[in-house]
2 protein chains.
Amino acid sequence: MWTNLEEARVVATHASRAGMSGSQSVDRALRLLALIGREPAGGLPLVEIVTGSGLNKPTARRLLLALMRAGLVEQEPKSRHYCLGEEAFVLGVLAARRHGLLELAMESLRRLSAVTMDTSFLSVRRDNYCVCLHREEGTYPVRTHALQMGDQHPLGVGAGSLALLAALPDDDVDRIVTANEAVLLAQYPGFAPALIRADLALARERGFSVNPGRLVSSSWGIGAAFRYPDGRVAGALSLAAIDSRMQPARQEELAGHLAQEVARMERLLAEMFVSGGKGMGGRPVNVALEARRA
Amino acid sequence: MWTNLEEARVVATHASRAGMSGSQSVDRALRLLALIGREPAGGLPLVEIVTGSGLNKPTARRLLLALMRAGLVEQEPKSRHYCLGEEAFVLGVLAARRHGLLELAMESLRRLSAVTMDTSFLSVRRDNYCVCLHREEGTYPVRTHALQMGDQHPLGVGAGSLALLAALPDDDVDRIVTANEAVLLAQYPGFAPALIRADLALARERGFSVNPGRLVSSSWGIGAAFRYPDGRVAGALSLAAIDSRMQPARQEELAGHLAQEVARMERLLAEMFVSGGKGMGGRPVNVALEARRA
DNA sequence: GAGATTGGTCCACAATATGGACCTTATTCT
DNA sequence: AGAATAAGGTCCATATTGTGGACCAATCTC
């Protein structure tokens, strides 16, 4: 096939670099950014960034300096921890013009919490994880604080997270659960992969997910996912309460409310797609259609 | 940073060790990210990114691919324009745990718009520019749409923007106006640098800024900046209306409302600093103190 | 105050990012 | 239509850029 050795060598080196980005340092820097974003508001010390990323200290530091120059990361002068910077916040607001899920969902969340008196959540997928984008407090005096805004858990851990997973095709589910296996076993004793698969089957059967206090005992949750018009999973709405408020009869009731709001979200998203019509802020909105990541 | 390649090359080979970042490609990639964020929701075609950044096509494309791999940028399949991705939105929400200005300001904006019937805005500084983070509609039937959420103008262009500029020390003002001079002359015919300086002096004297329809005629604005407890400028609140609703007497009235909300914002920011107490989301919040960018 | 841990920097070396040249696909013009 | 123009996208030899072992400095721990 190869006409000469030169060509073979070129293609060989190229093949060996298959999957190589051609932008190693940028990829690394952005991985650091995601790593820092994953962490609760306290920020991360350099060592943890080094161990968490697998990079070595000078490299991590150099990339962090670049991120800081851009304002995406800040270093607290006292603790020297690295955390997300103001520019990340501003960029997020700018990105919200297209990806305004939160804004779209706020009305649903408020209504869910008002009607049920329980705390409601909006969660989205982020790789093999699930991020809680908003927590809307309920009024019932006994509340669970197992899930806070910004918290991230592997897909399948928690009601909203499980709903997202259950909405994905089987091969994705397999890939994701496998990828998370190590983390699940190490950090989530209540969530053995087999258990997640069982919960997931149940969720699909019922049409809504239930987390019977597996993360924090007595802290139950119920969730349902919603999709973009093209079928991609967009996010999940969920409710959390103590076990006594989550018995079978009430589960059905709550699931009904969730279903209503899921329908609303899918209607709004559909509206955004036709004609790129007015979405939030009186601006044309046009959610990108292609799937993310390879 | 470099306006053209000649200059970049000269400096690279010449001052080889002095002040070089050590992460050229990361810096470049993040500059592209900011460039894309600057653009209204429609996104940017590759050529504009190439010309706008001064990079060449393969380089720009390679960096964009890296940004896309991280989800920070997406490419619309149809127009092939590049725009901010979902990950940027999610990161923004995560960053909001620390930089929750918008959340903090929402109540003020709602009250301003309710009381005055006019549209109100939250703006923050971004380098030499000013970004509008939120637009809260007023109820008065005749409204100006000169400023939309996400819009960016040089500091000094518009009421909120001018308020931010006026709140900065003189040497910063000089540096910023000088840096923006070319853009102002080319794209903002109503805002000659000298005029901005005059408006600014007036704003400082009065305690609030006024834009007498310089961007869009008959579209007036009035603004006031607020600060972090350490003195750094945090943002600006502003109001917009048609000229007939912005005569001197009403200016004073509106300025009074603004002053009240500025006081509220500064009180809330001060509370965040003592003890890193509970801020938004029931989480300890701790706004970083150090200034951004060198 | 000796030992350990973490933050941060230096610099020789080679792997990585660079950009001129080139190919491919839309769009415009005659 | 078909040519011409412009934009999107890719290749690959080269040298510039990024890398990481070694090292110093400042805290923390006992």
Side-chain angles (χ1 to χ4, degrees), chain A residues 4-32 36 43-69 73-83 290, chain B residues 1-2 4-32 36 43-69 73-83 290:
Chain A
N4 61 48
L5 291 175
E6 184 60 9
E7 190 175 2
R9 187 191 61 80
V10 166
V11 175
T13 50
H14 198 272
S16 75
R17 296 210 300 177
M20 291 304 280
S21 56
S23 323
Q24 189 187 67
S25 63
V26 178
D27 283 333
R28 287 173 164 185
L30 298 181
R31 246 168 51 218
L32 291 189
I36 291 168
L44 280 171
L46 183 58
V47 241
E48 279 195 42
I49 292 177
V50 168
T51 59
S53 66
L55 301 176
N56 58 23
K57 217 181 343 168
T59 299
R61 169 80 177 150
R62 187 160 16 81
L63 299 176
L64 286 169
L65 284 172
L67 291 168
M68 288 168 72
R69 252 175 271 132
V73 164
E74 283 170 5
Q75 187 174 24
E76 280 207 21
K78 194 180 166 183
S79 67
R80 301 197 152 170
H81 285 198
Y82 298 85
C83 51
E290 80 278 28
Chain B
M1 188 187 254
W2 312 120
N4 63 53
L5 297 173
E6 301 296 336
E7 193 178 355
R9 179 165 302 159
V10 167
V11 175
T13 49
H14 215 260
S16 40
R17 280 294 148 208
M20 290 303 289
S21 60
S23 322
Q24 189 188 66
S25 63
V26 179
D27 284 333
R28 288 173 163 187
L30 299 181
R31 245 168 51 219
L32 291 190
I36 291 168
L44 279 171
L46 183 57
V47 239
E48 279 196 42
I49 293 177
V50 168
T51 58
S53 65
L55 302 174
N56 58 22
K57 217 179 345 165
T59 300
R61 168 79 176 151
R62 188 161 15 81
L63 299 176
L64 286 170
L65 284 171
L67 291 168
M68 287 169 72
R69 251 175 271 132
V73 165
E74 283 169 6
Q75 187 174 24
E76 279 206 21
K78 195 183 164 181
S79 68
R80 300 196 153 171
H81 285 198
Y82 299 85
C83 51
E290 79 280 28

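Every heavy atom of this structure was used, including side-chain atoms; hydrogens, water molecules and symmetry mates were not.
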Look at the side-chain N and O atoms of [X] and state whether any lies under 4.0 Å from the OP1 or OP2 oxygen of [N].
X: A:Gln24; N: D:dT19; value: yes
X: A:Tyr82; N: C:dT6; value: no
X: A:Ser25; N: D:dT19; value: no
X: A:Arg61; N: C:dG7; value: no
X: B:Thr59; N: C:dG19; value: yes
X: B:Gln75; N: D:dG9; value: yes

* Asked: Any donor-acceptor pair under 3.5 Å linking the side chain of A:Glu74 with the backbone of A:Cys83?
  ->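 No, A:Glu74 side chain to A:Cys83 backbone: no donor-acceptor pair under 3.5 Å.
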
Heavy-atom distance under 4.5 Å between the side chains of [X] and [Y], does that happen here?
X: B:Tyr82; Y: B:Glu48; value: no
X: A:Leu46; Y: A:Arg80; value: no
X: B:Leu32; Y: B:Val73; value: no

Specify the closest pair of heavy atoms between [X] and [Y], including all atoms of both residues, with the distance to one decimal.
X: B:Ile49; Y: B:Ala60; answer: CG2-CB, 4.5 Å
X: A:Ala66; Y: B:Leu30; answer: O-CD1, 3.7 Å
X: B:Arg69; Y: A:Ser23; answer: NH2-OG, 4.5 Å
X: A:Ala29; Y: A:Leu67; answer: O-CD1, 3.5 Å
X: B:Gly43; Y: B:His81; answer: O-ND1, 3.5 Å

* **With A:Arg28 via side-chain contact (heavy atoms from CB on, under 4.5 Å) - residues at least two apart** =>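 Residues passing side-chain contact (heavy atoms from CB on, under 4.5 Å) with A:Arg28: A:Gln24, A:Arg31, A:Leu55, A:Thr59, A:Leu63.
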
Do any N or O atoms of the protein come closer than 3.5 Å to N or O atoms of nucleotides 21-29 of chain D, and which pairs are they?
none

Nearest whole angstrom, please: distance from the [atom2] of [N] to the [atom1] of [X].
X: B:Glu48; N: D:dA7; atom1: CD; atom2: P; result: 10 Å
X: B:Asp27; N: C:dT18; atom1: CG; atom2: P; result: 11 Å
X: A:Lys78; N: C:dG7; atom1: NZ; atom2: C1'; result: 17 Å
X: B:Leu63; N: D:dG9; atom1: CG; atom2: P; result: 14 Å
X: A:Leu55; N: C:dG8; atom1: CG; atom2: P; result: 16 Å
X: B:Leu64; N: D:dA7; atom1: CG; atom2: C1'; result: 14 Å
X: B:Arg28; N: C:dT18; atom1: CZ; atom2: C1'; result: 8 Å
X: B:Leu46; N: C:dT25; atom1: CG; atom2: P; result: 17 Å

* Asked: Given axes from five pairs at either end, by how many degrees does the helix from C:dG1-D:dC30 to C:dT30-D:dA1 bend, rounded to 10°?
  ->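 The two end axes of the helix from C:dG1-D:dC30 to C:dT30-D:dA1 meet at 50°.
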
* Which nucleotide in the set C:dA17, D:dG18, D:dG9 lies at the smallest distance from any side-chain heavy atom of A:Arg62? ->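 From the listed options, D:dG18 comes nearest.
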
